[in-house]
Number of protein chains: 2
Amino acid sequence: MSRSRGPSIEDVAREAQVSVATVSRALRGLPNVAETTRLRVEEIAQQMNYRADPSAARLATGQTKLVQLVTPTADGWYFSRFIAGAIAVLIANGYETISHPVANPEEREAFISDLVRLEKRVDGLIVVDLNISEDAALEMHNAGIHAVTAGFTTQKFPSVIIDDYHVGFLATDHLLKLGHTRIGLISGQPNHPLAFSVPGLRLAGYTGALAAAGISIDTTLEQSGMFTAEGGRRAMERLLDLADPPTAVFAMSDEMAFGAWGALQDRNLSWPDDIAIVGVDDHELAPLVGLTSVRLDPRGLGGIAAKQLLALIANDGEHGPSSEAIQDAAEAVNSRIEVVARTSTIG
Amino acid sequence: MSRSRGPSIEDVAREAQVSVATVSRALRGLPNVAETTRLRVEEIAQQMNYRADPSAARLATGQTKLVQLVTPTADGWYFSRFIAGAIAVLIANGYETISHPVANPEEREAFISDLVRLEKRVDGLIVVDLNISEDAALEMHNAGIHAVTAGFTTQKFPSVIIDDYHVGFLATDHLLKLGHTRIGLISGQPNHPLAFSVPGLRLAGYTGALAAAGISIDTTLEQSGMFTAEGGRRAMERLLDLADPPTAVFAMSDEMAFGAWGALQDRNLSWPDDIAIVGVDDHELAPLVGLTSVRLDPRGLGGIAAKQLLALIANDGEHGPSSEAIQDAAEAVNSRIEVVARTSTIG
DNA sequence: ATGAGTCATGTAAACCGTTACATTCGCGTT
DNA sequence: AACGCGAATGTAACGGTTTACATGACTCAT
């Protein structure tokens with residue numbers, strides 16, 4: 001029962017009484033094919049259920065029309081949407097996407113040491129949320145690999161990023177405007193083994209906003225943990241245990257904010273009466289608990305990452321004219337970042 | 001700047017002073033290669049940073065070592081974990097996974113009509129949550145395509161399914177045991193355009209449990225909507241608006257249950273004092289609102305789906321001995337389905 | 001009528017592995 | 001000494017495209 005192969009281009013050529021070259025050209029819409037010929041070939045190909053074998057095409061052209069998506073966190077709220085956005089754009093452009101999660105630091109190392117050899121397997125990489133060293137990035141770049149990063153930056157590759165400073169600033173500023181002066185922070189771990197730069201930037205936005213308001217920084221108000229409800233809960237408990245607890249908290253994700261909400265419940269506290277909270281992501285469940293949140297557009301940003309990569313592939317490293325359009329799109333996404341106010345901060 | 005291709009097998013052969021055949025055999029761990037030769041070839045390949053071009057290998061063998069994952073819902077809670085589990089197993093077995101979401105009914109149709117021609121592109125398919133007609137499935141099967149389905153069943157392909165009847169039964173039974181006799185249902189839409197069989201089976205489990213308890217079915221207590229918080233909220237509102245509302249509700253997913261919780265909040269009701277609720281999934285956020293939930297193991301099930309597919313590919317359609325082991329694993333997953341009781345039902 | 005210039009098509013060489021079959025070699029048997 | 005056999009290796013065909021280059025036909029201007 002060996003795997004049957006369908007009709008080949010030769011079969012089509014024979015049937016259509018032309019050469020394989022003509023079939024190839026006709027089917028790919030290349031110029032210099034008589035219209036009548038093209039029509040005939042197309043019809044016959046259709047009839048025979050012919051499809052070019054992608055492996056053969058890849059071998060001949062050296063282009064795989066494949067993009068690899070590398071990420072440690074395929075099921076987080078933010079990145080699962082980012083990924084969906086990227087894949088949608090890639091498919092619309094004739095690319096398929098290989099998902100390759102790296103579950104732990106060892107896999108991450110194995111992956112990175114493999115990166116350089118990846119060149120033949122895919123046309124490009126979207127590396128999400130995975131802190132690659134400058135050295136590794138340089139090596140990849142020298143090997144001619146096209147990549148776009150998200151959630152962290154390198155010198156050599158374009159990265160599609162949210163203006164995370166802005167996110168932190170906006171959230172904190174929202175609380176400041178409500179009159180809070182003692183504002184806690186529930187942060188993601190800045191030095192996670194599969195680390196990325198988001199926590200650092202949002203932290204900077206937080207301190208920046210405080211500084212702009214002339215409020216001095218109290219680092220006991222900065223608690224960090226995993227980007228999960230459980231992490232948020234624990235961080236909140238630490239804040240509540242403080243001798244002088246905050247009156248408001250900026251949580252770096254809604255999932256963390258949900259955990260913080262849980263911690264409040266446990267102590268029979270609620271927002272905004274006892275503590276005001278603002279999260280990030282505008283999670284579907286945020287409205288349910290009245291969580292104020294900074295709305296992002298992960299799907300849109302994923303799409304931009306894909307476009308960026310496609311541009312890179314198209315120019316094979318040269319900077320093409322399309323990059324401005326992409327910049328504009330990225331800025332548009334960033335300009336759409338905004339606080340969605342709900343009861344958690346309406347004091 | 002054309003894409004450079006790395007060293008080929010011929011380069012390695014020259015360097016190692018053997019034929020390409022020997023290199024191929026040595027590097028793939030085939031027998032009939034002198035150990036000294038193998039070592040030398042391996043070392044040289046390592047040095048030269050050689051990797052076999054997968055496209056060439058695919059062309060030669062007809063095997064792509066690629067599996068395509070088709071799903072309408074890449075970012076739902078359940079299926080994103082299912083997918084992660086499947087990919088992990090596939091990667092462990094040397095397969096890469098192409099993610100191909102179909103966002104809407106049109107894409108679904110286009111995809112299905114394309115399925116038959118897919119044979120050359122990938123070795124197998126995992127089709128998730130996408131209602132394929134028996135005719136289409138038959139056609140695929142005749143074309144020699146290997147596939148495993150999840151979330152729905154067909155005659156021709158094995159499907160990896162949770163015992164969803166059991167899920168519905170267990171949840172309802174839990175409420176019955178707490179003394180409830182008027183139990184509402186918040187169901188997923190049974191006839192969604194990208195429909196799957198889960199709602200029907202859970203509904204059957206619900207009615208089965210009621211029947212077993214000698215309680216007559218009141219269809220006004222069955223409200224359906226999208227598998228989202230919003231869908232759950234609306235359904236709950238309809239239940240609360242009934243002249244004779246239920247004292248307990250089985251929601252087919254935690255996300256729906258969260259929505260129901262929101263509806264209760266809006267009316268200043270709470271669980272379990274006013275209405276007891278049990279959901280499904282044991283979502284991370286379930287503990288926060290004290291939601292009782294039926295715990296499933298999507299990740300484990302995804303892994304089983306992958307194993308099932310790999311077995312199918314290995315035997316190329318013949319039923320091999322491995323299938324029993326897979327059956328056992330599936331049963332193990334089903335036997336682990338259980339109600340995690342929290343405050344939402346502890347009356 | 002001839003040459004230049006287009007356009008449509010064909011020829012054949014890549015692309016880079018895998019693998020059936022052939023060959024060589026060394027060794028143990030009889 | 002001849003033979004057989006298995007292990008190690010080599011030879012070459014094959015998989016299905018793409019594409020540089022060659023060819024042929026036809027048009028148009030001179």
Side-chain angles (χ1 to χ4, degrees), chain A residues 2-42 44-45 48-66 94 117-123, chain B residues 2-42 44-45 48-66 94 117-123:
Chain A
S2 81
R3 164 168 296 275
S4 75
R5 307 212 194 207
S8 78
I9 196 173
E10 225 165 325
D11 300 325
V12 178
R14 193 175 316 117
E15 199 75 16
Q17 315 219 33
V18 288
S19 71
V20 291
T22 301
V23 174
S24 177
R25 283 187 286 247
L27 257 29
R28 284 179 309 142
L30 295 179
N32 290 343
V33 177
E35 207 48 35
T36 68
T37 309
R38 184 186 308 271
L39 256 37
R40 181 159 40 97
V41 170
E42 277 171 353
I44 287 173
M48 301 179 76
N49 227 328
Y50 168 77
R51 272 297 167 89
D53 182 329
S55 300
R58 284 170 191 150
L59 179 57
T61 61
Q63 293 235 332
T64 61
K65 293 287 181 179
L66 248 32
R117 299 165 162 178
L118 225 50
E119 134 206 44
K120 289 179 218 163
R121 316 179 91 90
V122 296
D123 293 344
Chain B
S2 82
R3 162 169 297 274
S4 77
R5 307 213 195 204
S8 79
I9 196 171
E10 226 166 324
D11 301 325
V12 178
R14 194 175 314 115
E15 199 76 14
Q17 315 217 34
V18 288
S19 71
V20 292
T22 301
V23 174
S24 176
R25 284 186 286 248
L27 258 28
R28 283 179 308 143
L30 264 37
N32 291 343
V33 176
E35 209 47 36
T36 67
T37 309
R38 186 187 306 273
L39 256 38
R40 180 160 38 96
V41 170
E42 277 172 353
I44 288 174
M48 301 178 77
N49 227 328
Y50 168 77
R51 272 297 167 89
D53 182 329
S55 300
R58 284 171 191 148
L59 180 56
T61 62
Q63 294 236 329
T64 59
K65 293 285 180 183
L66 249 32
R117 297 168 164 173
L118 225 49
E119 137 205 41
K120 289 180 219 162
R121 318 178 91 92
V122 295
D123 293 344

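Proteins get letters first, then strands, A, B, ... in listed order; numbering begins at 1 in each.
In summary, of the residues considered (B:Leu27, B:Val41, B:Asp11), a side chain to side chain contact (heavy atoms under 4.5 Å, CB included) with B:Tyr50 occurs for B:Leu27 alone.
Of the possible polar contacts, one joining the B:Arg40 side chain to the B:Ala16 backbone as a donor-acceptor pair under 3.5 Å is found.
Counting 5' to 3', DNA chain C first comes under 4.0 angstrom of a heavy atom of chain B and last does so at the ends given by C:dC15 to C:dT19.
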Please list, pair by pair, any protein nitrogen or oxygen found under 3.5 Å from a nitrogen or oxygen in nucleotides 15-22 of chain D.
| residue | atom | partner | partner atom | Å |
| --- | --- | --- | --- | --- |
| D:dT17 | OP1 | A:Tyr50 | OH | 3.0 |
| D:dT17 | OP1 | A:Asp53 | N | 3.2 |
| D:dT17 | OP2 | A:Ile9 | N | 2.6 |
| D:dT17 | OP2 | A:Tyr50 | OH | 3.4 |
| D:dT17 | O5' | A:Tyr50 | OH | 2.9 |
| D:dT18 | OP2 | A:Ser24 | OG | 2.4 |
| D:dT19 | OP2 | A:Arg28 | NH1 | 3.2 |

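Note that OG of A:Ser19 and CZ of A:Arg14 are 13.0 Å apart. Values are rounded to the nearest 0.5 Å. The OG1 atom of A:Thr61 sits 8.0 Å away from atom CG of A:Asp123, with the distance rounded to the nearest 0.5 Å. The distance from atom CG of B:Leu30 to atom OG1 of B:Thr22, rounded to the nearest 0.5 Å, is 11.0 Å. In this structure, A:Leu59 CG and A:Thr64 OG1 are separated by 12.0 Å, a value rounded to the nearest 0.5 Å.
B:Met48 places a side-chain heavy atom less than 4.5 Å from the side chain of B:Val12.
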